[in-house]
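Comments concern the structure below.
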Amino acid sequence: QVHLVESGGGLVQAGGSLRLSCAASGGTFSNYAMGWFRQAPGKEREFVAAISRSGTNTRYVDSVKGRFTISRDNAKNTVYLQMNSLKPEDTAVYYCAASRFTYVSNRYDYWGQGTQVTVSS
């Protein structure tokens, strides 16, 4: 059982930056591909970014390419999401998730509780 805890959310003005962190415990972190998802009010949860077990490979939803960067530190059991040039449409609850499958899979086994990101215009 892997336990995930997100942090780093908050209120930021459009054009600003935030760095989300997700600390993992209860498993071998490097055995899991990691992903970030978000859910805005009234909308379905959507994929944002994913990273391979080693951190070598990443992928992003088109709407955040060039603005967001996912990274991981396997020694610290933590995955990050650096978010730059934030837009009001980035407002959502952001969740991290762990997958036993590859980083290109849409199958995730464990989820965090989420952290709120609000971008004001």
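In this chain, residues are counted from 1 in sequence order.
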Would the distance check show the side chain of Thr28 and the main-chain N or O of Ser30 forming a donor-acceptor pair, the cut-off being under 3.5 Å?
no

Is the Lys NZ or Arg CZ of Arg107 less than 6.0 Å from the centre of Phe101's six-membered ring, within 45° of the axis?
yes

Within a 6.0 Å radius of atom CZ on Arg100, are there more than 12 heavy atoms belonging to other residues, nucleotides or ligands?
no

Got a list of side-chain donor-acceptor pairs under 3.5 Å for residues 5-12, not counting sequence neighbours?
from: Glu6; atom 1: OE1; to: Gln113; atom 2: N; distance (Å): 3.0
from: Glu6; atom 1: OE1; to: Gln113; atom 2: NE2; distance (Å): 3.4
from: Glu6; atom 1: OE1; to: Gly114; atom 2: N; distance (Å): 2.9
from: Glu6; atom 1: OE2; to: Cys96; atom 2: N; distance (Å): 2.8
from: Glu6; atom 1: OE2; to: Gly114; atom 2: N; distance (Å): 3.3

If you measure from OG1 on Thr115 to CG on Leu20, what distance do you get to the nearest 0.5 Å?
6.0 Å

Verify, without hydrogens or angle tests, whether Tyr60 (side chain) and Ile70 (backbone) share a donor-acceptor contact under 3.5 angstrom.
yes

What is the distance from atom CD of Gln13 to atom OG1 of Thr118, rounded to the nearest 0.5 Å?
13.0 Å

In short, Ala98 meets Leu4 closest at the heavy-atom pair N-CD1, 3.8 Å

Residue pair Arg38 / Arg45, side-chain heavy-atom distance below 4.5 Å
no

Geometric cation-pi criterion, Arg72 with Phe29: 6.0 Å, 45°
yes

Ring geometry between Phe47 and Phe37 (parallel below 30°, tilted from 30 to 60°, perpendicular above 60°)
perpendicular

Sidechain-backbone polar pair: Thr78 side chain, Lys76 backbone, donor-acceptor under 3.5 Å
yes

Less than 4.5 Å apart, side chain to side chain, heavy atoms only: is that true for Arg59 and Tyr103?
yes

Under the side chain to side chain contact (heavy atoms under 4.5 Å, CB included) criterion, do Phe68 and Asp90 qualify, and how do the steps go?
CA-CA 11 Å; Phe68 291 11; Asp90 294 318; 3.9 Å; yes

Applying side chain to side chain contact (heavy atoms under 4.5 Å, CB included) to Tyr95 and Cys22, what does each step give before you reach the verdict?
CA-CA 9 Å; Tyr95 300 89; Cys22 173; over 6 Å; no

pair Tyr108-Ser99: side-chain heavy atoms closer than 4.5 Å:
yes

Output the distance between atom OG (Ser52) and atom CE (Met34), rounded to the nearest 0.5 Å.
12.0 Å

Value for NE2 (His3) from CG (Asn77), rounded to nearest 0.5 Å, stands at 13.0 Å

Could you pull out all donor-acceptor pairs under 3.5 Å where a side-chain atom in residues 79-89 meets a protein atom, sequence neighbours excluded?
from: Gln82; atom 1: NE2; to: Asn84; atom 2: OD1; distance (Å): 2.9
from: Asn84; atom 1: OD1; to: Ser17; atom 2: OG; distance (Å): 2.9

